[in-house]
Amino acid sequence: MVSAKTESSWIVLGLVSGEPVAAVLDTSAHEVERISPGQDALAGWIAEVEASRTVRWVWNDAPAWYPALLASGVRIARCHDLRLCHAILRDSALVEGAEELRAAVGWDAAPAGDARDASPTLFDLEDAAEPTGPPTGLDDVLAEFARQQAAIADSSDPGRLRLLIAAESAGALVAAELRAAGLPWDAAAHDRILTDILGSRPTAGGLPTRMQDAADRVRRELGDPGASLDSQPKLLRSLHRVGLLVESTSRWELAEHEHPVVAPLIEYKKLSRLLSANGWTWLEEWVDDGRFRPVYVPGGVVTGRWAAAGGGALQVPRQLRGAVRADPGWTLVVADVAQLEPRVLAAMSRDEQLAEAARGRDLYTGIVESGAVETRQQAKIALLGAMYGATTGESGRLVPRLRRIYPRAMALVDQAARVGEQGGVVTTWLGRSSPAPSSGWRATQLQASQVEASGADETRARRWARDRGRFTRNFVVQGTAAEWALAWLADLRGRLASLPAAGVPAPPSGPVFGRMPHLAFFLHDEIIVHTPAEHADAVADAVRGAAASAGRLLFGDFPIDFPLDLKIAQTAEKS
DNA sequence: TACTGGTGCGCG
DNA sequence: AAAGCGCGCACCAGTA
């Protein structure tokens with residue numbers, strides 16, 4: 001563990017009588033000065049301060065401040081995002097007295113800006129002028145910052161929590177910058193892919209030609225020209241009528257049966273999915289000016305992973321990766337981490353054997369070479385089963401073999417599961433804790449422990465306990481992997497900002513990135529950087545260097561590496 | 001005419 | 001009908 005770099009000072013932003021005011025704090029967090037640059041001059045003033053010294057900006061909520069700065073061409077290096085950090089600190093098991101944080105009013109709010117997406121009916125119920133998001137008043141913001149600083153200082157591990165809140169806050173900056181930059185998206189290439197797979201685009205309300213053809217073949221095999229293919233209950237009945245006695249209409253179950261309707265139906269479902277999820281309607285709605293701009297939601301998942309709202313940024317299908325295309329003179333650096341979660345597990349459990357299997361090679365191959373299992377596929381199934389809590393099937397059978405060879409790693413996830421089953425809280429490497437069990441969960445366990453409990457009560461309580469155990473088992477690994485990824489992003493962001501601008505034309509990403517390499521996509525363990533072609537090699541070095549730094553930041557000298565699959569190309573197509 | 005819950009499938 | 005975690009989204013059906 002390396003402790004977080006201490007900051008020279010903080011500048012806290014908040015509103016006073018509706019006007020932005022900056023409170024300048026010294027290194028002991030004492031207020032030394034208040035500045036009111038005025039709404040119109042705010043961005044320019046922040047840019048001046050950024051250029052002249054190292055500060056950490058403190059604000060209630062990045063979406064309330066940063067998009068406007070970016071639109072003015074101003075980026076900042078570091079911030080403390082009070083809304084995101086509040087959520088971490090109020091639940092962290094490392095924070096001993098979180099009562100004051102829990103009592104603070106308004107800091108559990110959804111991020112600012114959600115009201116724009118709210119439906120008109122919902123909006124009418126509320127006062128339309130009511131602000132969303134956490135408190136914006138300078139005094140409220142200063143008070144919350146003081147509470148958080150105290151919570152960290154009094155915690156059982158201030159060093160780790162400082163790393164976590166710095167990483168989380170950097171993520172808030174990255175998320176806003178990703179939206180401002182957008183992912184370069186070639187609408188014509190997208191259209192070609194759709195036409196290749198689905199057939200010609202329908203002119204009026206009909207289906208694309210290949211999809212219509214598949215539908216026709218399905219209906220012929222069903223012997224019913226009017227059969228409904230999009231209603232699950234109706235389709236199920238149609239299948240039963242022709243003797244296909246499936247219990248669901250899911251692809252994997254259909255595939256287990258020999259029947260002439262299976263092949264065309266699976267084809268129809270594939271095409272239908274592509275059309276409804278990422279068809280021409282999606283293209284028109286989400287791609288504008290050659291960019292796909294999803295809304296990223298940092299910390300949107302309990303484990304600390306990001307969520308996404310709108311556009312399905314977390315599920316861009318592989319089929320469409322070819323539509324991600326660099327601007328002329330630019331290129332993409334596409335990188336993902338190979339087997340991030342098991343590597344994180346090896347490091348946090350200090351399992352030297354698992355780290356050895358991972359070092360300098362494909363982790364699953366390393367497990368095969370250790371003799372635990374025979375094939376790479378078995379290694380993958382066994383390890384995923386261990387991290388997810390598989391108990392049956394091939395995965396459940398293979399897990400015990402890993403337990404013998406990697407006892408430390410397996411003990412960590414097994415312990416997390418035990419704690420969860422008993423209603424306890426588990427915590428990631430840097431200090432994000434799982435939510436406490438719901439009142440319904442606790443009531444169920446209590447009920448089953450009474451003498452008059454029925455067998456059904458006990459069965460249900462046991463099932464819920466095991467469900468929660470699988471959640472906490474995975475929480476520690478998924479959450480720590482998310483922390484590694486944030487550290488990677490944050491470090492990379494800094495490295496990219498220090499690269500020189502290039503002579504290529506500026507892309508239509510707004511003024512803020514101009515000719516600079518910039519992050520264009522992030523998804524759990526994968527990043528895409530859009531860069532002037534002349535900087536591609538330097539960017540690739542930065543991406544690798546940031547991964548190495550992230551590993552050291554979290555795990556110090558523990559011998560674990562985080563190898564990347566990295567390519568430099570015009571498109572993000574996976575080979 | 002909303003809404004909610006179930007189903008299915010895309011992503012890690 | 002997944003086994004085994006975490007998501008978001010589209011669509012349909014039943015309900016208010």
Side-chain angles (χ1 to χ4, degrees), chain A residues 119-122 124-125 228-237 245-257 265-266 268-279 281-282 285-286 294-297 299-321 336-342 344-345 380-399 413 416-417 420 426 428 434-435 466-482 484-485 521-527 565 572 574:
Chain A
S119 63
T121 48
L122 182 63
D124 288 342
L125 294 176
S228 165
L229 308 187
D230 299 321
S231 159
Q232 195 263 2
K234 290 176 188 166
L235 177 58
L236 199 56
R237 283 195 292 274
L245 301 179
V246 286
E247 289 179 42
S248 76
T249 62
S250 62
R251 190 145 78 218
W252 70 266
E253 191 186 0
L254 289 170
E256 287 180 349
H257 289 80
L265 180 53
I266 288 177
Y268 175 83
K269 282 166 148 293
K270 270 198 155 75
L271 302 185
S272 170
R273 164 79 194 187
L274 177 61
L275 178 66
S276 71
N278 295 99
T281 308
W282 180 92
E285 187 174 356
W286 287 100
V295 178
Y296 295 91
V297 186
V301 180
V302 278
T303 59
R305 272 187 175 183
W306 289 14
L314 274 61
Q315 42 193 132
V316 174
R318 290 178 105 79
Q319 288 170 304
L320 285 181
R321 289 302 194 92
D336 64 29
V337 195
Q339 305 112 19
L340 174 58
E341 290 190 357
V344 158
L345 173 59
K380 186 172 178 176
I381 287 173
L383 200 48
L384 290 176
M387 292 189 300
Y388 293 163
T391 54
T392 64
E394 190 186 10
S395 185
R397 281 195 299 280
L398 289 169
V399 171
V413 287
V426 296
T428 61
S434 64
R466 280 196 300 263
D467 288 350
R468 187 158 192 279
R470 285 195 303 277
F471 166 65
T472 52
R473 171 188 292 272
N474 188 245
F475 182 96
V476 292
V477 179
Q478 187 183 114
T480 302
W484 183 93
F521 190 69
F522 168 60
L523 181 55
H524 308 321
D525 64 357
E526 171 184 14
I527 54 104
D565 290 328
K574 297 251 173 172

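What you see is a predicted model; the values in this text were computed from it and never measured. Reminder, nothing fancy here: chain letters follow the sequence lines and each chain counts from 1.
- Between T392(A) and dG4(C) there is a side-chain polar atom (N or O) within less than 4.0 angstrom of OP1 or OP2.
- In this structure, R470(A) reaches the dC5(C) phosphate: one of its side-chain N or O atoms is under 4.0 Å from OP1 or OP2.
- Between R251(A) and dG10(B), a side-chain N or O to OP1/OP2 separation shorter than 4.0 Å is present.
- Backbone-only engagement by A309(A) is indicated by non-hydrogen atom pairs under 4.0 Å involving sugar-phosphate atoms exclusively.
- The NZ atom of K380(A) sits 14 Å away from the C1' atom of dG4(C) (whole-angstrom rounding).
- The shortest distance between the side-chain N/O atoms of K269(A) and the OP1/OP2 oxygens of dG8(B) is not below 4.0 Å.
- When all heavy atoms are compared, the tightest approach of A338(A) to D565(A) is CB-OD2, 4.4 Å.
- Distance check on atom P: dG6(C) versus dA2(C) gives 15 Å, rounded to whole Å.
- Taking the C1' atom of each, dG5(B) and dA3(C) are spaced 24 Å apart, rounded to whole Å.
- Between R273(A) and K270(A), the closest side-chain pair of non-hydrogen atoms is not below 4.5 Å.
- Relative to the side chain of E256(A), the nucleotides dG4(C), dA1(C), dG6(C) differ in distance, and dA1(C) lies closest.
- Using a 4.0 Å heavy-atom criterion, one finds that A277(A) contacts no nucleic acid atom at all.
- Between S250(A) and the phosphate of dT7(B), there is no side-chain N or O to OP1/OP2 separation shorter than 4.0 Å.
- Between dC5(C), dA10(C), dC11(B), one nucleotide has an atom nearer to the side chain of N474(A) than all others, and that is dC5(C).
- Counting distance only, with no hydrogens placed and no angle test, the side-chain atoms of R305(A) and the base atoms of dG12(B) include a donor-acceptor pair under 3.5 Å.
- Here dA10(C) presents its C1' atom at 11 Å from CG of N278(A), a figure rounded to the nearest Å.
- An OP1 or OP2 oxygen of dG12(B) is reached within less than 4.0 angstrom by a side-chain nitrogen or oxygen of R318(A).
- Contact annotation: Q232(A) side-chain N/O to dG8(B) OP1/OP2 distance is under 4.0 Å.
- The base-pairing partner of dG4(C), taking Watson-Crick or G-U wobble contacts with both distances under 3.5 Å, does not exist among the strands shown.
- The CD atom of Q478(A) sits 8 Å away from the C1' atom of dG12(B) (whole-angstrom rounding).
- The phosphate of dA13(C) (OP1 or OP2) has a side-chain N or O of K234(A) nearer than 4.0 angstrom.
- Here W252(A) does not reach the OP1 or OP2 of dA1(C): none of its side-chain N or O atoms lies under 4.0 Å away.
- Note on T249(A): a side-chain N or O is less than 4.0 Å away from OP1 or OP2 of dG8(B).
- As judged by a 4.0 angstrom heavy-atom cut-off over every strand, W306(A) is placed among residues making no nucleic acid contact.
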